[in-house]
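Written out below as structure tokens is the structure these notes cover.
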Amino acid sequence: MQHPIQWPAEPPVGMNPIYLCPPAWSHDDRYNGQAILPHVIIGPYRLVRNQDFMLQAQVTYVICIRDPSERMFLREIPLPNVEFCCLDVPADVNKSNIIPHFNQVNELLRQAIGHGRTTLLCCSDGIDKSASFMSAFLMSTYELSALNAITFVQNRRYCATPSPQGYRIKLLEYELLCAAQKSVAANMSPGEAKCSRRREDDEASEDMADSMLDPGARPIAAAASASNKRAR
């Protein structure tokens with residue numbers, strides 16, 4: 001049974017350390033969704049087909065992380081007032097560059113949060129991929145280390161477990177990148193930071209214009225393309 005959604009507090013920026021304080025947890029809880037941040041929920045894809053959950057949680061945006069082999073099973077479902085984004089990530093995480101995908105989902109989440117939308121970030125079981133991408137968002141937004149970000153997620157969804165030889169390694173790599181970006185930003189003058197933000201806004205505007213030429217493009221997805229440009 002899905003418990004009522006209780007929106008948690010955001011972590012303080014740079015919080016360290018974050019200790020593992022598991023919630024009251026049962027095996028069946030892995031089939032439900034848990035709120036990690038205000039209006040951001042992670043869980044298994046099966047929740048998309050749970051009309052009671054979608055209505056109760058007031059989900060209006062779904063980000064589904066899948067590998068190409070899962071396309072037939074994890075796909076967009078037409079739902080009233082719900083926007084879908086299915087993101088294909090390489091199945092072989094170890095040999096692939098996942099960082100641009102982290103940046104893409106980070107931008108999508110920021111836009112959804114900024115528009116006050118409740119987002120379900122899901123994958124097949126809500127254990128590996130969605131937990132890893134949620135951790136990457138915490139690292140980028142709240143300046144958490146990989147370990148602290150994973151622990152923060154596990155304190156709300158205890159079964160969340162980025163694969164030790166896959167996504168956990170990529171999150172450690174992402175930690176180094178986030179630290180480097182923070183260092184560069186700290187050394188920017190106010191004028192340089194303003195120019196950087198203006199350049200990012202211009203890129204997002206260009207992508208929005210491009211999306212208008214494609215009838216199938218989703219407005220919120222324009223930010224993802226801009227994020228990929230910055231990742232390159």
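- With sequence neighbours left out, V184 forms a side-chain contact (heavy atoms from CB on, under 4.5 Å) with M188.
- The environment of D92 atom CG is dense: over 12 non-hydrogen atoms of other residues, nucleotides or ligands sit within 6.0 angstrom.
- Contacts of P17 classified as side-chain contact (heavy atoms from CB on, under 4.5 Å), with partners at least two apart in sequence or in another chain: Y19, N148.
- Side-chain N/O atoms of N103 and Y174 include a donor and acceptor closer than 3.5 Å.
- Scanning for ring-ring contact (aromatic ring centres under 6.0 Å, His included) contacts around Y142 gives an empty result, with sequence neighbours left out.
- Considering only heavy atoms from C-beta on, E143 stays 4.5 Å or farther from C178 through its side chain.
- With sequence neighbours left out, R168 forms a side-chain hydrogen bond (donor to acceptor under 3.5 Å, both in side chains) with no residue at all.
- Annotation: cation-pi pair R71/F73 absent, no NZ/CZ under 6.0 Å from the ring centroid and within 45° of its normal.
- Taking the salt bridge (charged side-chain N to carboxylate O under 4.0 Å, His left out) definition, one finds that R75 meets it with nothing, sequence neighbours left out.
- Screening residues 169-179 for salt bridge (charged side-chain N to carboxylate O under 4.0 Å, His left out), with sequence neighbours left out, gives K170-E173.
- The closest donor-acceptor contact from the side chain of N187 to the backbone of S183 lies under 3.5 Å.
- Within the 3.5 Å criterion, the main-chain N or O of L147 finds a donor-acceptor partner in the side chain of T151.
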